[in-house]
Amino acid sequence: MKRVWLFLLSLGLITAFCTSAIAVDVKFSGEFYAAGMYQDKTTLKKDTGSDGPSTAFYFQRLRLRTDFSISPGLTLTTRADIMERAWGAQRSIPGTIFDQQSAGTTAENENIAFDLAYVNYASPIGLFMAGYQLHAYWGTVFGNSAAPYPRLTYALPIGDFQLVLHYTKNNENSRTAKNITDASDRDSDQYVATINYNFKNGSVGLLATYLRQATMRAVVNPQTGFMTNGFALEPYIKAKLGPVSIQAELDYAWGQFQKWEGAFPFSVLPDTRLENIAAFLDATANFDTIYIGGTLAYVSGDDPGTGQKEGTTFLTGGLDWNPCLILFNSDRNYWAGNIPAYDTSGMGAPMSNAWFFQGRIGVRPIADLDVMASVAYANADKKPSVSWLYNSYGYEMDLTATYKITNNLSYMLGFGYLFTGNYFKGTKDSNQLNNDYLVINKLTLTF
């Protein structure tokens, strides 16, 4: 009997060694952070007999990317956000609305949510990508809100130039097994073309986009609603001139924000035009252990005295750009929430309807330690109404220190203080405001 088993085992080994195998290389990369935050005020109002409650909590997230190398030039990429939650906090109620910059809901991200899944094929005639990929990032970090969307991508390198074409499906409302409806042509689609040129000490590029959004058709009944047709041009430049690094971007959007269609009275409503501008200029000079820099940013606000949209969510400062610890910081806003004030105003993110000015200075006393101090001021471009009193969002002073423990592990400690501006008084000068401050420490592991 032993001879029989030995013969069968030998036969199995011979078969295994003689069978051709398909080798798949798998590479893992990602980031894990754990942080603690104390925010002294959760409201800018000071009319309730108290200064408002504070908040303090810990939170974390693991972001895991997996690249499957199928064959030369052919890969499959996935990415998941895992246990994105405040420590010990109650889990969110499952819903159907996607979380901020995610292809999953908040409840899914608190456990595990897959955001990216796409195939990447480098062919002789260019690079093809299909699946859930990152969308809404370009040029400088300003204006970027990189999020996973289903899209088709084609990229063609030509020397130092690169041409890229994207088709993105923002919303799908056609009839499917999960969406039983008679609606048609109520989707949102985006078409993007970019050209980029790399030179010795920088790069320059231009993005052109067209957004056709029909999701607001039939908002009242099947014969009423409106269409949105938006266009945008976004040139940028990055350059290094000796010790000075400069980056700039200018974004301009135009089109029809609301084109009414259907039965009376919607057919006689005036169409709303779209005209939105955003601009960014940043410079940093490095002098060995010391560096200094400054930032100027602008996003147009909506003028209530006109019939068009000069300030919308079409162009913003972006969720990836966090210039301060409190002002327009999307990470703080995601974990601690909007800081409300009077007459529907509040401190949130991303930046919109604002002029922003910042100066900063940093020092690296040793190679692994970076200490930076900054002062910023923000002012509203337009008041929300004719009765609104002030424009100033306020001043903020920040101090951060980041220590590189190892090549993959770093620790950051930060303190930010906001001198709240009178914009948040709204329409009454008698409204009283709180200043606010925040303390944060964050441990980040990259791999």
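Values in this document were obtained by computation on a predicted structure and should not be read as measured data. If you read the sequence from its start, that first residue is 1, and numbering goes on from there.
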Check your understanding: Is there a salt bridge (charged side-chain N to carboxylate O under 4.0 Å, His left out) between Glu31 and Arg63 once you walk through the steps?
Key -> CA-CA 5 Å; Glu31 176 192 81; Arg63 173 164 286 175; 6.0 Å; no
Q. Could you walk me through whether Asp160 and Lys200 pass the salt bridge (charged side-chain N to carboxylate O under 4.0 Å, His left out) check?
A. CA-CA 10 Å; Asp160 293 327; Lys200 183 178 180 180; over 6 Å; no
Please step through ring pair (Phe, Tyr, Trp, His ring centres under 6.0 Å) for the pair Tyr393 and Tyr423, ending with a clear verdict.
-> CA-CA 6 Å; Tyr393 290 132; Tyr423 172 89; 4.7 Å; yes
**Request:** Would you sort out whether Glu110 and Arg85 count as a salt bridge (charged side-chain N to carboxylate O under 4.0 Å, His left out), showing the intermediate values?
**Result:** CA-CA 5 Å; Glu110 289 171 343; Arg85 61 174 73 174; over 6 Å; no
Exercise for the section: List the steps and the verdict of salt bridge (charged side-chain N to carboxylate O under 4.0 Å, His left out) for Arg65 and Asp67. Expected result: CA-CA 7 Å; Arg65 174 179 170 132; Asp67 291 286; 3.0 Å; yes
Inset, instruction - Decide side-chain contact (heavy atoms from CB on, under 4.5 Å) for Thr215 and Asn173; before the verdict, give the C-alpha distance in whole Å, the side-chain angles of both, and the deciding distance to 0.1 Å. - result: CA-CA 8 Å; Thr215 56; Asn173 291 314; 3.7 Å; yes
CA sep, side-chain torsions, deciding dist, call: Thr209, Tyr191, side-chain contact (heavy atoms from CB on, under 4.5 Å): CA-CA 6 Å; Thr209 185; Tyr191 305 84; over 6 Å; no
TODO: Evaluate the ring pair (Phe, Tyr, Trp, His ring centres under 6.0 Å) criterion for residues Tyr395 and Phe419: first the C-alpha distance (whole Å), next the side-chain angles of each, then the deciding distance (0.1 Å), finally the verdict.
DONE: CA-CA 5 Å; Tyr395 293 85; Phe419 296 91; 7.5 Å; no
Stepwise side chain to side chain donor-acceptor pair (under 3.5 Å) test for Glu275 and Tyr252 = CA-CA 7 Å; Glu275 187 173 18; Tyr252 176 66; 3.2 Å; yes
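Residues satisfying the ring-ring contact (aromatic ring centres under 6.0 Å, His included) criterion with Tyr298, sequence neighbours excluded, are Trp355.
Taking the ring centre of Phe226 as origin, the terminal cationic atom of Lys259 falls outside the region bounded by 6.0 Å and 45° from the ring axis. Both cation-pi conditions hold for Lys45 and Tyr342: the charged atom is under 6.0 angstrom from the six-membered ring centre and inside a 45 degree cone around its axis.
Within a 6.0 Å radius of NZ in Lys240, other residues, nucleotides and ligands contribute more than 12 heavy atoms.
Between Ala103 and Asp115 the shortest heavy-atom distance is N-OD1, 2.9 Å.
Using cut-offs of 30° and 60° on the angle between ring planes, the pair Phe357 and Tyr377 is parallel. Using the six-membered ring where Trp is involved, Tyr437 and Tyr417 have ring planes that are parallel, under 30° apart on the 30 and 60° scheme. Taking the six-membered ring where the residue is Trp, Phe142 and Trp321 present perpendicular rings, their angle passing 60° and hence far from 30°.
Asp303 contributes a side-chain N or O that, together with a main-chain N or O of Gly305, makes up a donor-acceptor pair within less than 3.5 Å. Side chain of Thr420 to backbone of Asn434: a donor-acceptor contact under 3.5 angstrom is found. In terms of modelled atom types and a separation under 3.5 Å, the side chain of Ser92 and the main chain of Ala107 share no donor-acceptor contact. Glu396 contributes a side-chain N or O that, together with a main-chain N or O of Leu325, makes up a donor-acceptor pair within less than 3.5 Å. Between the side chain of Asn109 and the backbone N or O of Thr105, at least one donor-acceptor pair lies under 3.5 Å. Between the side chain of Asp436 and the main chain of Lys41, a donor-acceptor pair closer than 3.5 Å is present.
Within the model, atoms OH of Tyr132 and CG of Leu116 stand 11.0 Å from one another, a figure rounded to the nearest 0.5 Å. Within the model, atoms CD of Gln60 and OH of Tyr33 stand 9.0 Å from one another, a figure rounded to the nearest 0.5 Å. Atoms CG and CZ, from Asn408 and Phe32 in turn, are 14.5 Å apart once rounded to the nearest 0.5 Å. Summarising the geometry, atom CG belonging to Leu274 is positioned 10.0 Å from atom NZ belonging to Lys309; distances are rounded to the nearest 0.5 Å. Considering OG1 of Thr446 and CG of Leu409, their distance stands at 8.5 Å, rounded to 0.5 Å. Atom CE of Met372 is separated from atom CE of Met412 by 9.5 Å, given to the nearest 0.5 angstrom.
Taking the ring centroids of Phe231 and Tyr210, they lie under the 6.0 Å cut-off. In this structure, the ring of Tyr403 has its center no less than 6.0 angstrom from the ring center of Tyr411.
Sorted by first and then second residue, the ring pair (Phe, Tyr, Trp, His ring centres under 6.0 Å) pairs with a member in residues 56-81 read Phe57-Phe59, Tyr58-Trp87, Phe59-Trp335; sequence neighbours excluded.
A donor-acceptor contact closer than 3.5 angstrom is absent between the side chains of Asp40 and Ser54. Looking only at atom types and distance, the side chain of Thr272 has no donor-acceptor partner in the side chain of Gln256 under 3.5 Å away. For Asp25 and Ser69, the side-chain atoms include no donor-acceptor pair closer than 3.5 Å. Looking only at atom types and distance, the side chain of Asn196 has a donor-acceptor partner in the side chain of Asn198 under 3.5 Å away. Looking at Asp99 and Tyr334, their side chains do bring a donor and an acceptor atom within 3.5 Å of each other.
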